[in-house]
Amino acid sequence: MCMATRQPGKHAASTTAPLRVIARYGSEVDVLDTRQRVQQRARLRRKTDDVVCGDRVFLEATEAAVARRADRHNQLTRRDVSNRPRTIAANIDRVWIVIAPRPEVPSFLVDRFLAGIVNLPAQPGILVNKWDRADLQRPAAFDALLENYRCLNLDLLRVSAHTGYGLDRLRTAARGHSNILVGQSGVGKSSLIQALLPREELRIGNLGHSGEGRHTTTTARWYEAEGGAWIDSPGVRDFTPEISSTAELVRGFPDLAAFAERCRFRDCTHRAEPGCAVTVAVADGGLPAHRLEAWHELLQEIGAGGRLMPGNRGARR
């Protein structure tokens, strides 16, 4: 995930008022006039090929084509199968990481999302969906997983799209914001939006026999709701945040960073350095070992990719 800004371009001679992009399909987008509730299809030109769900765009007044897009305040990006960055949605206030009893949560997937969301920047939250099934399927494992994030300043909600459990709390937390649901296929992102917005018609798939999610949602889509919006996004199997510096990685781990301020060395990697306050915090129970392990995995992975360069070592003054 990364944040991008763009310098204002020259206004076209004759364009419409800004319209919200609610979905993209190849070289076309669906746009919505939120005041008149009118939706229409528009073409993209080469100069506007970077438009995605959540953008605000201006159409040419004489034909249904995008003339330009407005500046973004952030964008959600993930790597595709060829390891190329792909922007999924833009202008997001809150990112909800959805997990469920099935499919099983991959190790450190939540931590990877959190590191990217904080650097977006946007406000993260965690949704445990299918909570009506959790008592029958690994409740102890979920309690242990969620314990890793209780010290973070985020909403951690148990919900059920099937029974409606916890949805009122979710509506309250999300009201007035643009919210996107992210996570694996099969965790129930589309089902949650369908339960929150019963008038919409979303395609919803079932888990395969292996327990893996099926990719029912193929493109991000924006749904207007209570002064804000919900964005459904395609499922992922893994996620690597777009982090380009040690400062961004530290920002993505605010719980670890709070202890790292007391480390002897400014660029401490929290492995075996003398005077490391983070390893002491883990030993004392003040920081979950899982969070330090997630930090080490990202530090190694991003460093190997050449996108994170450690600075020169120096003792703190």
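For the numbers below, each heavy atom of this structure counts, side chains included, while hydrogens, waters and symmetry mates do not.
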**Report entry** Side chain proximity check, Leu197 to Glu224, heavy atoms < 4.5 angstrom
**Finding:** no
Query raised in the report: Around Asp284, counting heavy atoms of other residues, nucleotides and ligands shown, do more than 12 lie under 6.0 Å from its CG?
Result: yes
Query - Separation of Ile193 CD1 from Ile231 CD1 (nearest 0.5 Å) - result: 8.5 Å
Query raised in the report: Under a 4.5 Å cut-off applied to non-hydrogen side-chain atoms, are Phe265 and Pro274 in contact?
Result: yes
**Report entry** Rounded distance [0.5 Å steps], CG in Leu287 versus CZ in Phe259
**Finding:** 5.5 Å
Query raised in the report: If you round to the nearest 0.5 Å, how far is CG of Asp93 from NE2 of His73?
Result: 5.0 Å
**Report entry** Test item: Asp30 side-chain N/O and Gln39 main-chain N/O as donor-acceptor pair under 3.5 Å
**Finding:** no
Requested in this report: Taking the side chain as every heavy atom from C-beta outward, state whether Asn91 and Asp55 have any pair of such atoms under 4.5 Å apart.
Outcome: yes
Query raised in the report: Can you tell me if CZ on Arg86 sees more than 12 non-hydrogen neighbours from other groups inside 6.0 Å?
Result: no
Report task. Verify the cluster assignment for Tyr25 and Ile88: are they in a single hydrophobic cluster under the rule of side-chain heavy atoms below 4.5 Å apart? Result -> no
**Report entry** Pairwise distance CG(Leu127) to CG(Leu156) - rounded to 0.5 angstrom
**Finding:** 8.5 Å
Requested in this report: Determine yes or no for a side-chain-to-main-chain donor-acceptor pair under 3.5 angstrom, with His177 supplying the side chain and Ile92 the backbone.
Outcome: no
**Report entry** Least distance between heavy atoms, Ile22 atom then Cys53 atom
**Finding:** O-SG, 3.6 Å
Query - Flag side-chain contact, heavy atom, 4.5 Å: Leu192 against Asp232 - result: no
**Report entry** Asp132 side-chain N/O to Ser160 backbone N/O, donor-acceptor pair under 3.5 Å
**Finding:** no
Report summary line: Sorted by chain and residue number, the ring pair (Phe, Tyr, Trp, His ring centres under 6.0 Å) partners of Trp295 (sequence neighbours excluded) come out as Phe253, His270
Query raised in the report: Other hydrophobic cluster members with Leu19, side-chain heavy atoms of Ile/Leu/Val/Met/Phe/Trp/Tyr under 4.5 Å, chained?
Result: Val21, Val29, Val31, Leu44, Val51, Val57, Leu59, Val66
Query raised in the report: Would the number of heavy atoms belonging to other residues, nucleotides or ligands and lying under 6.0 Å from CZ of Arg150 be above 12?
Result: yes
Query - Heavy-atom side-chain contact between Asp50 and Thr87 under 4.5 Å - result: no
Query raised in the report: Yes or no on side chain to side chain contact (heavy atoms under 4.5 Å, CB included) for Arg271 and His296, after CA distance, side-chain angles and deciding distance?
Result: CA-CA 8 Å; Arg271 293 187 184 278; His296 283 152; 3.4 Å; yes
Query raised in the report: Is there a donor-acceptor pair closer than 3.5 Å between any side-chain N or O of Asn129 and the backbone N or O of Val187?
Result: yes
Report summary line: For Phe239 and Thr77, the nearest pair of non-hydrogen atoms, with its separation, is CE1-O, 3.7 Å
**Report entry** Side-chain donor/acceptor of Asn179 to backbone N/O of Ala229, under 3.5 Å
**Finding:** yes
Query raised in the report: Between Pro124 and Leu114, which heavy-atom pair has the shortest distance, and what is it?
Result: CB-CD2, 3.7 Å
Requested in this report: Report the distance from atom CD1 of Ile180 to atom CZ of Arg221, rounding to the nearest 0.5 Å.
Outcome: 13.5 Å
Query raised in the report: So, do Thr246 and Asp267 sit near enough that their side-chain heavy atoms are less than 4.5 Å apart?
Result: no
Report summary line: Pro103 and Ser185 have their tightest heavy-atom pair at CG-O, 3.5 Å
Requested in this report: Taking all heavy atoms of Ser233 and all of Lys189, pick out the closest pair and write down the distance.
Outcome: O-CE, 3.1 Å
Query raised in the report: Which residues pass the side chain to side chain contact (heavy atoms under 4.5 Å, CB included) test with Asp155, sequence neighbours left out?
Result: Arg94, Trp96, Leu157, Ala173
Report summary line: In short, Glu248 meets Asn119 closest at the heavy-atom pair O-ND2, 2.8 Å
Requested in this report: For Val236 and Val182, run side chain to side chain contact (heavy atoms under 4.5 Å, CB included): C-alpha distance rounded to whole Å, both residues' side-chain angles, the deciding distance at 0.1 Å, then the answer.
Outcome: CA-CA 8 Å; Val236 300; Val182 298; over 6 Å; no
Query - Any residue meeting side-chain hydrogen bond (donor to acceptor under 3.5 Å, both in side chains) with Glu28, in chain and number order, not counting sequence neighbours - result: Arg41
Requested in this report: Verify side chain to side chain contact (heavy atoms under 4.5 Å, CB included) between Asp255 and Arg291, making sure each step is shown before the conclusion.
Outcome: CA-CA 9 Å; Asp255 48 346; Arg291 292 288 285 164; 2.8 Å; yes
Query - Residues Arg45 and Glu63 bridged, charged N to O under 4.0 Å - result: yes
Query raised in the report: Salt-bridged, Asp49 to Arg24, with N to O below 4.0 Å?
Result: yes
Query raised in the report: With hydrophobic residues grouped by side-chain heavy-atom distances under 4.5 Å, do Leu76 and Leu109 end up in a single group?
Result: yes
Query raised in the report: Should Val52 and Ile117 be regarded as members of a common hydrophobic cluster, given that ILVMFWY residues are connected when their side-chain heavy atoms come within less than 4.5 Å of each other, either directly or indirectly?
Result: no
Query raised in the report: Taking only residues two or more places apart in sequence, or in another chain, which ones meet Phe108 in a ring pair (Phe, Tyr, Trp, His ring centres under 6.0 Å)?
Result: His290
Query raised in the report: Got a sec, which hydrophobics cluster with Val280, joining ILVMFWY side chains under 4.5 Å apart, including via others?
Result: none
Requested in this report: Identify whether the distance between the nearest side-chain nitrogen and carboxylate oxygen of Glu301 and Arg112 falls below 4.0 Å.
Outcome: yes
Report summary line: Interatomic distance, CG@Leu256 vs SG@Cys263, rounded to 0.5 Å, equals 8.0 Å
Query raised in the report: Above 12 or not: heavy atoms from other molecules or residues under 6.0 Å from NE2 of His162?
Result: no
Report task. For Gln184 and Ile99, indicate whether the former's side chain and the latter's backbone hold a donor-acceptor pair under 3.5 Å. Result -> no
